[in-house]
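First up is the structure itself, then whatever we jot down about it.
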Amino acid sequence: MKHLYIGGYGPGIVTGDGELTRIASPSFLAAHPDLPVLYAVGELEQGWLTAFRAEDGLSPLAERPSEGRFPCHVAVHPSGTLLAVANYGDGTLSLHRLDERGVFTGAAVALRHEGSGPVADRQEGPHAHQAVFHEDVLHVSDLGTDEIRRYTLDGEPLEPLRLPPGTGPRHMAFAGSRLYVVGELDGVVTAIDGGSRVTGSASRAAAGNQPSHLEVAGDFVYVANRGPDTVSVLRADDLTLVAEVPSGGAWPRHFAIDGDRMYVANQHAGGVTVFALEDGVPVPTGEAYEVESPGCVLPV
């Protein structure tokens with residue numbers, strides 16, 4: 001890791017050495033795969049998307065509307081030519097072409113959606129939460145409709161993956177052909193591989209858990225749990241619980257794994273806590289970054 005960028009709901013994007021770039025509500029960040037360019041969503045009623053040159057600090061390159069309300073996630077295709085934004089507020093998924101400089105080019109494509117779920121106060125309509133590119137198919141978790149929506153890179157809809165009513169799919173990750181997804185509303189992790197499905201609990205907590213982020217690293221699946229304020233380690237093959245450790249703060253909204261280190265953004269504790277991974281289990285290092293209301297950690 002050369003740089004650590006922290007976004008969230010404070011005054012802007014903060015680097016690991018404390019440098020602040022002011023921007024409204026940069027709740028999620030993504031890096032271009034080849035260029036020193038960083039992208040941030042502005043999680044606002046009228047959502048925004050900003051591209052920064054990431055050399056000697058951050059300098060704005062371009063900005064444009066996210067095509068929806070309250071964007072909460074941004075992802076870049078491995079080719080570096082396409083970017084996707086998930087707008088939580090109205091469920092819109094938008095696609096943005098990128099030129100050779102990593103700057104937006106052409107008109108955005110807005111993919112609207114309809115539907116609802118059984119949890120009346122959370123699933124009254126679509127809520128796109130995360131976008132993941134895998135084998136040139138764009139997967140979008142929709143908390144409001146209990147679906148993993150799927151599209152071609154041109155935005156043509158494909159058959160979605162449907163989850164049990166009330167799941168509230170939030171974040172997901174692939175390991176080969178296997179897709180892991182965590183439900184914010186039911187606290188269940190589901191592994192999907194073709195017609196096969198395996199499930200496991202995201203936490204030992206019997207109630208009050210609202211899982212946030214999920215990642216796969218090696219033989220393990222990691223899940224952040226808001227409410228219990230923990231990070232769980234599950235075996236990737238059968239989703240049995242290996243360990244569950246305190247997140248080092250309150251309301252762990254996101255985490256990132258970089259080598260043998262894990263960085264956990266505790267949104268309500270004003271800091272990012274650093275863990276060492278020992279045999280796959282997070283162990284506190286005593287290190288932390290003080291950041292107001294962190295929501296996303298990006299090591300690049």
Side-chain angles (χ1 to χ4, degrees), residues 7-9 24-32 38-51 63-78 82-98 104 108-117 122-134 136-158 160-161 163 167-174 179-185 210-215 224 253-254 256 265 267 295-298:
Y9 301 92
S25 201
S27 66
F28 210 88
L29 312 173
H32 192 282
L38 187 76
Y39 304 94
V41 294
E43 192 171 332
L44 306 167
E45 174 72 33
Q46 294 184 328
W48 282 91
L49 175 62
T50 305
E63 63 178 12
R64 60 163 49 179
S66 71
E67 304 296 330
R69 296 170 45 235
F70 298 109
C72 63
H73 190 266
V74 56
V76 186
H77 188 271
L82 183 64
L83 178 149
V85 176
N87 292 275
Y88 179 84
D90 57 7
T92 300
L93 187 284
S94 59
L95 295 175
H96 308 259
R97 298 290 173 183
L98 303 174
F104 316 124
V109 176
L111 302 172
R112 317 289 180 189
H113 196 56
E114 295 181 353
S116 60
R122 296 296 309 278
Q123 295 185 305
E124 78 294 341
H127 293 299
H129 225 308
Q130 187 190 28
V132 172
F133 291 103
H134 181 69
D136 286 341
V137 173
L138 177 57
H139 297 71
V140 183
S141 54
D142 196 315
L143 182 146
T145 65
D146 293 318
E147 295 171 305
I148 306 299
R149 297 153 51 185
R150 301 194 301 167
Y151 301 91
T152 69
L153 299 188
D154 292 322
E156 293 298 321
L158 301 171
L161 300 175
L163 293 157
T167 297
R170 182 182 171 100
H171 277 200
M172 55 190 167
F174 276 93
L179 172 64
Y180 297 87
V181 57
V182 66
E184 179 176 337
L185 302 183
Q210 298 181 51
S212 57
H213 186 57
L214 176 150
E215 282 194 28
R253 186 178 182 88
H254 185 255
Q267 183 182 349
C296 173
V297 189
L298 179 65

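Results of the side chain to side chain contact (heavy atoms under 4.5 Å, CB included) test with Leu138 over Asp154, Thr152, Leu158, Leu93 single out Leu93 as the only residue that passes.
Tyr9 places a side-chain heavy atom less than 4.5 Å from the side chain of Glu43. The shortest distance between side-chain heavy atoms of Gln123 and Asp146 falls below 4.5 Å. Side-chain contact between Thr50 and Tyr39 is absent, with no heavy atoms from C-beta onward closer than 4.5 Å. You'll find the side chain of Val181 stays beyond 4.5 Å of the side chain of Leu214, heavy atoms only. Using a 4.5 Å heavy-atom threshold, the side chains of Leu83 and Val74 count as touching. At a threshold of 4.5 Å between non-hydrogen side-chain atoms, the residues Ser141 and His129 count as touching. Taking the side chain as every heavy atom from C-beta outward, Phe70 and Asp90 never approach each other to under 4.5 Å. Counting heavy atoms from C-beta outward, Leu82 and Arg97 have side chains that approach closer than 4.5 Å.
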Checklist entry - Hey, mind stepping through Leu38 and Leu298 against side-chain contact (heavy atoms from CB on, under 4.5 Å) and telling me if it holds? => result CA-CA 10 Å; Leu38 187 76; Leu298 179 65; 3.2 Å; yes

Item to check | Derivation and outcome, ring pair (Phe, Tyr, Trp, His ring centres under 6.0 Å), residues His73 and Tyr88 | outcome: CA-CA 8 Å; His73 190 266; Tyr88 179 84; over 10 Å; no

Checklist entry - Hey, mind stepping through His139 and Phe174 against ring pair (Phe, Tyr, Trp, His ring centres under 6.0 Å) and telling me if it holds? => result CA-CA 10 Å; His139 297 71; Phe174 276 93; 4.9 Å; yes

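Within 6.0 Å of CD in Glu45 there are more than 12 heavy atoms belonging to other residues, nucleotides or ligands. Enclosure of atom CD in Gln46 is not indicated, since only 12 or fewer non-hydrogen atoms of other residues, nucleotides or ligands lie within 6.0 angstrom.
Note that OG1 of Thr92 and CZ of Arg112 are 4.0 Å apart. Values are rounded to the nearest 0.5 Å. Taken to the nearest 0.5 Å, the SG atom of Cys296 stands 11.5 Å off from the CD atom of Gln267. One finds the OH atom of Tyr180 at 13.5 Å from the CD atom of Glu215 (value rounded to the nearest 0.5 Å). Rounding to the nearest 0.5 Å gives a distance of 9.5 Å between CD of Glu147 and CG of Leu161.
Of all heavy-atom pairs spanning Glu114 and Thr145, the tightest one is O-CG2, 3.9 Å. Summarising the geometry of Ala31 relative to Val76, their closest heavy-atom pair is O-CG2, 3.9 Å, with the distance given to 0.1 Å. What you find for Ser27 and Cys72 is that their closest heavy atoms are OG-CA, 3.9 Å. When every heavy atom of Pro78 is checked against every heavy atom of Phe133, the shortest pair comes out as CD-CB, 4.3 Å. Ala131 and Ala75 get closest at one heavy-atom pair: O-CB, 3.3 Å. Here the closest non-hydrogen pair linking Pro169 and Leu163 is CB-CD1, 3.7 Å.
At distances below 3.5 Å, at least one donor-acceptor pair connects side-chain atoms of Asp142 with backbone N or O atoms of His127. Judged by distance alone, the side chain of His96 and the main-chain N or O of Phe104 form no donor-acceptor pair under 3.5 Å. Checking side-chain atoms of Ser25 against main-chain N and O of Leu44 turns up no donor-acceptor pair under 3.5 Å. Between the Asn87 side chain and the Ser66 main chain, a donor and an acceptor come within less than 3.5 Å of each other. Remark: the backbone N or O of Leu111 is not paired with any side-chain donor or acceptor of His113 at under 3.5 angstrom. Between the side chain of Gln130 and the backbone N or O of Met172 there is at least one donor-acceptor pair closer than 3.5 Å. Here the side chain of Arg170 pairs a donor or acceptor atom with the backbone of Ser212 at under 3.5 angstrom.
Using a 3.5 Å distance cut-off with no hydrogens or angles, the side chains of His213 and Arg253 do not pair a donor with an acceptor.
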